[in-house]
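What's counted below: heavy atoms across the whole structure, side chains too, no hydrogens, waters or symmetry copies. Here is how names work: the chains are called A, B, and so on, in the same order as the sequence lines, proteins then strands, and each is numbered from 1. Only a predicted model underlies this, so the values are computations on that prediction, with no experimental measurement involved.
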Amino acid sequence: MKSKSHIADTHKYNFNYENRVVLKNSGIIDPENIEEYIGVGGYKAWEKVLTQMKPMEVVEEVKVSGLLGRGGAAFPAGLKWSFTAPLKAEQKYIVINADEGEPGTFKDRLIMEGDPHKLLEGTMIAAYAVGASKSYIYIRGEYTLCISRLKKAIVQANEYGILGENIFDSGFNHEIEIKIGAGAYVCGEETALIESMEGNRGTPRSKPPFPGVEGAWHKPTVVNNVETIANVSAIINNGADWYKTLGVEGCYGTKVYTIMGDVELPGLCEAEMGTSLRTIINKYGGGMKNGKQFKAALVGGAAGVFLSNEMLDVKMDFNTLKEYEAVLGSGAILVMNEDVDIVEMLWSVIRFFRHESCGKCNPCSNGTTVLYNLIDKIRKGKGKEADLDELIRISEAMFLTSFCALGQSPLMPIKSAINNFKEDFLTKIK
Amino acid sequence: MIVYLNGKAYEAKPEETVLQLALRNGIYIPNLCFHEKTGKAAKCRACVVEIEGVPGLKTSCNLPVTDGMEVTTNSEKVLQAQRMVVDLALSSGQHDCLSCEQNGNCELQDAAYYLGIERPSFQLYDDDYEVDDSSEFIRVDRSRCISCGRCVVGCNETVVNEVINFGNRGFDTKIIFDDNLVMGTSACVQCGECVQLCPVGCLIDKRAIGSGRTWELEKVETVCPYCGVGCRLEVHIDRKQDKIIRVTGVEDSPTNNGMLCVKGRYGFDFVNSEERLTTPLIKENGKFREADWDEAIALVAGKFSDIKKEFGSDSIAGLASAKVTNEENFVFQKLIRREVGTNNVDHCARL
Amino acid sequence: MYEDILKKYSPEKENLISILHDIQNSDPQNYVSEEAVQEVSEYLNVPLSHIHGVLTFYTMYSTKPRGKNIIRLCESPPCFLKGSENILKKLCEILNVEVGETTEDGIFTLELCACLGVCGNAPAMMINEDVYGNLTEKKVEQIIIDIKGRA
Amino acid sequence: MKTLDELRKIREKSQQKITLGESNNRVKIVVGMGTSGIALGAREVMKAIIEEVAIRNLTDVIVTQTGEKGLSSMEPVVDVIEDGKPTITYGNITPEKARKIIAEHIVNGKIVNDFIVTMLN
């Protein structure tokens, strides 16, 4: 590898530890030893909420921090909690969405493998805030290491009395259980996840009622992504005002971007919201591999957008990207060099959707197959220009009519690929 | 509460959905998966409408009415989306109406007709589905299944036989019986609820196939002749042949809510049976001869009177059939108790 | 036959997915048999059709016997970009199977899967519970040889 | 079961342990044992390090594990932490390279430049 000597010479790969919030401990402490987590200040926030804060104050703090859901939809976490917190119910649940399935995303895996107690601490704080005595962490079945580390962490937290009955004499009880998936991307959708947790086929439910009101076993249920929850203890420890000093207006805090593809140093970085694509590629991704030219980045996973070099300096945060009809999604950044054929990549994206469509609703299960047949035809050089309009027309109809976000998703990559890289398609059509 | 449908005001009931309100007032919105009994599945997505002030489109089958709501069911945006949705459903299988038993009674056909879809735009169907003809009364042709889910809900939640579910995923989703058995070897009791709920030609009464177009049949409502529950049913009759083609349950019947059992739905072959007695027979010298009712009744009444005189009332007992109605049973026990003078009366209590 | 697994769980439907995982993992042919479905159905009081529906919805399960080792090669866009198609070709060639098939000796079943979350080391695959990254044609050949040697 | 006071004490104690403060250990070797690391051979690296430490009877060296730092392309990753010195992160480590690090860096105090990913004060 050419790059290695380059790195060794400078002795400076930027791990960016100073900017890390959710991955502060990952790659530093022993994830299987609760005392190391406690040693770096772990469970301080838990102690603080139990001894000094009322549940609604916790909700308020998170609300003020402006923390947005990191699963892709960017829904304000505090607002989500505030719907469930005041409800009177015999049972409420926190569910952690650890079904990280968006292609190119592995941030939640790093948090769970590297710092499982951080997830547990955030979960407990959320549970205290909304008044839930039980939480579930739903992990995809493929993440075997996450499952075993989290199971160990839960046992340790119980042994230390951090979890369990009447925690530190506060009168608050809490139990955390792991639920395991079995291979279905759609279970990342919160209602499909709940279905799966209940032992069913993981197909989405009608909303309303939203899970916050009627979720798991018809009880009020807050579903949060792992990365979202991993921000919570830092917000409680340092306050909402501190949190708002990070990131950009409206999108505070850091974002874990996973960067891969044709870069020298694929991996992941945690940087402030609003870091540009260029910075992410050059500073954290080590630049383009083998000195090739940048052509495109698929941002946000399969449900994301193909961005061209015109977008290199745009701030990568939820709001700014929305202005450009793009999405940040899960924060996955797949970088493609000049040699990559976007038609091939779009084919791969659509194949993914066809494979993962759950089959519940007609436009998605049939639509993804129609889209696949079309792109496959184009890929094989048998397409015509009108097929490009057809791809957009069908995915637009799917966007308007599909049951859940999965069927709505193909529009983004299809539209952006055709609009930004039309040449690639025309070459195939000729 | 007032709801506007295409600009016109309608009085809505608080519990109903936009689709229910529209259908109740004769405004058609294409819909394939909704059924009053199986509920708002929002799976087919054909019933999308526009709501003033709400971005995008909403499915009307699971959209509760709100006061002052302004709904558009026929804008170009709505029709275009509906057209794509129905086109996709039509493209997904082998929906060749010419030979389909459901022709004229098919909700997919109705939706496609309403939207002006002449033929499916896409070729999605691959013919690796075999028709499941293994069961006695029901043919399952999955090439016509649109995964609406009515049969699944019907089997699991309405009749609670719990035999049907969805198997596989995505485009390959199909209905399965038990642990993926053919219908004939599954625990299916052939109640036919799934057939009645199926909006297309996937689940079909096997014996009706090819024996009469639905619009040529006369539908006569009656009460099931079997047990005493009194299920209301509709007999579909071909008058030319004077033959029953099929039987369906009456959906708004309070006794059976459209449901029937295997006997009520499929046990009508006795009607045209060669062996069925239609004239009374009197045995003389060891041989039956045909008689008329007056002669037969007079003969039986005379014999009963003789027996009663000679051996007393309690030497006679009456046993009624469970096939007769409660009213008929009432009359029968009156006859035995008052005219014969005995309490020896019973009912076979089973068929 | 499956009591040891079943008794670890309370007889509630929410445990179905975990139970099916355990049953499959305990089976030398890596699948959930009809007998198992029957037993689980009785234990949880859940219809057979429900269990079959769940088994065929999730890609990690199989209702047909498979090999001792399940190879699950990622075909999602990040791995596709880094050449997963070539890896697939190579695997098909050295194992002499198509996707979804089991080798004649019953040692491997080749499957494709969605993103495994090791995209920084694409192309990647999982064999049973172990993840392999930065795959090259040469590397997969070695991995297969190594596992065969242990079989 | 611990009380809040006990928790606070654990916090103080382990804080020191991480910086090697009071302990008798001179060096802490940390192997990155995330999925990526393991996929690229971190288990074998860990084994080699433990063996080497035992063979050489290095009683002042402690070997532990951690999760992933996020630089997938440099896995397996090994940190060498010494009090008062910059923490060295080595990348793309194999069992052979790990043995070399022990021999040169841990025993002889000579940093192995070729394997360095980063140096942190």
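Counting heavy-atom pairs closer than 4.5 Å to chain A, the top-ranked of the candidates B:Ile146, B:Asn168, B:Thr59 is B:Asn168. Contact tally against chain A (heavy-atom pairs below 4.5 Å) for B:Ser92, B:Gly56, B:Ala41, B:Ser121: the top residue is B:Ser92. Ranked by heavy-atom pairs under 4.5 Å with chain A, the first of B:Gln82, B:Arg45, B:Lys40 is B:Arg45. With chain B as the partner, the residue from A:Ala184, A:Ser357, A:Cys364 showing the most heavy-atom pairs under 4.5 Å is A:Ser357. In terms of heavy-atom pairs under 4.5 Å with chain B, the best-connected choice from A:Cys358, A:Gly367, A:Ala397 is A:Cys358.
Atoms NE2 and CG, from A:His355 and B:Asp172 in turn, are 9.0 Å apart once rounded to the nearest 0.5 Å.
None of A:Asn97, A:Asp108, A:Asp99 except one satisfies the side-chain hydrogen bond (donor to acceptor under 3.5 Å, both in side chains) rule with A:Asn225; the exception is A:Asp108.
Annotation: B:Tyr114 is in aromatic contact with B:Tyr28 [ring centroid separation under 6.0 Å]. In this structure, the ring of A:Tyr372 has its center no less than 6.0 angstrom from the ring center of B:Phe171.
Heavy atoms closer than 4.5 Å to chain A are found in the side chain of B:Phe122, but not in its backbone. Proximity to chain B is limited to the backbone of A:Ser402, based on heavy atoms less than 4.5 angstrom apart. Heavy-atom distances place no part of B:Lys58 under 4.5 Å from chain A, backbone and side chain included. Using a 4.5 Å cut-off between heavy atoms, A:Glu396 makes no contact with chain B at all. Contact annotation for A:Ile394: both backbone and side-chain heavy atoms come within less than 4.5 Å of a heavy atom of chain B. Contacts between B:Val48 and chain A at a heavy-atom distance below 4.5 Å involve the side chain alone, from C-beta outward. In this structure, chain B has a heavy atom under 4.5 Å from the side chain of A:Glu390, while its backbone stays farther away.
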For B:Leu203 and B:Cys194: C-alpha separation, side-chain torsions, deciding distance, then whether side chain to side chain contact (heavy atoms under 4.5 Å, CB included) applies. CA-CA 7 Å; B:Leu203 293 153; B:Cys194 55; 3.7 Å; yes
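Using a 4.5 Å heavy-atom threshold, the side chains of A:Leu391 and A:Ile378 count as touching. No side-chain heavy atom of B:Thr73 sits less than 4.5 Å from a side-chain heavy atom of B:Ser60. Residues B:Thr17 and B:Leu63 are not in side-chain contact: their nearest non-hydrogen atoms beyond the backbone lie 4.5 Å or more apart.
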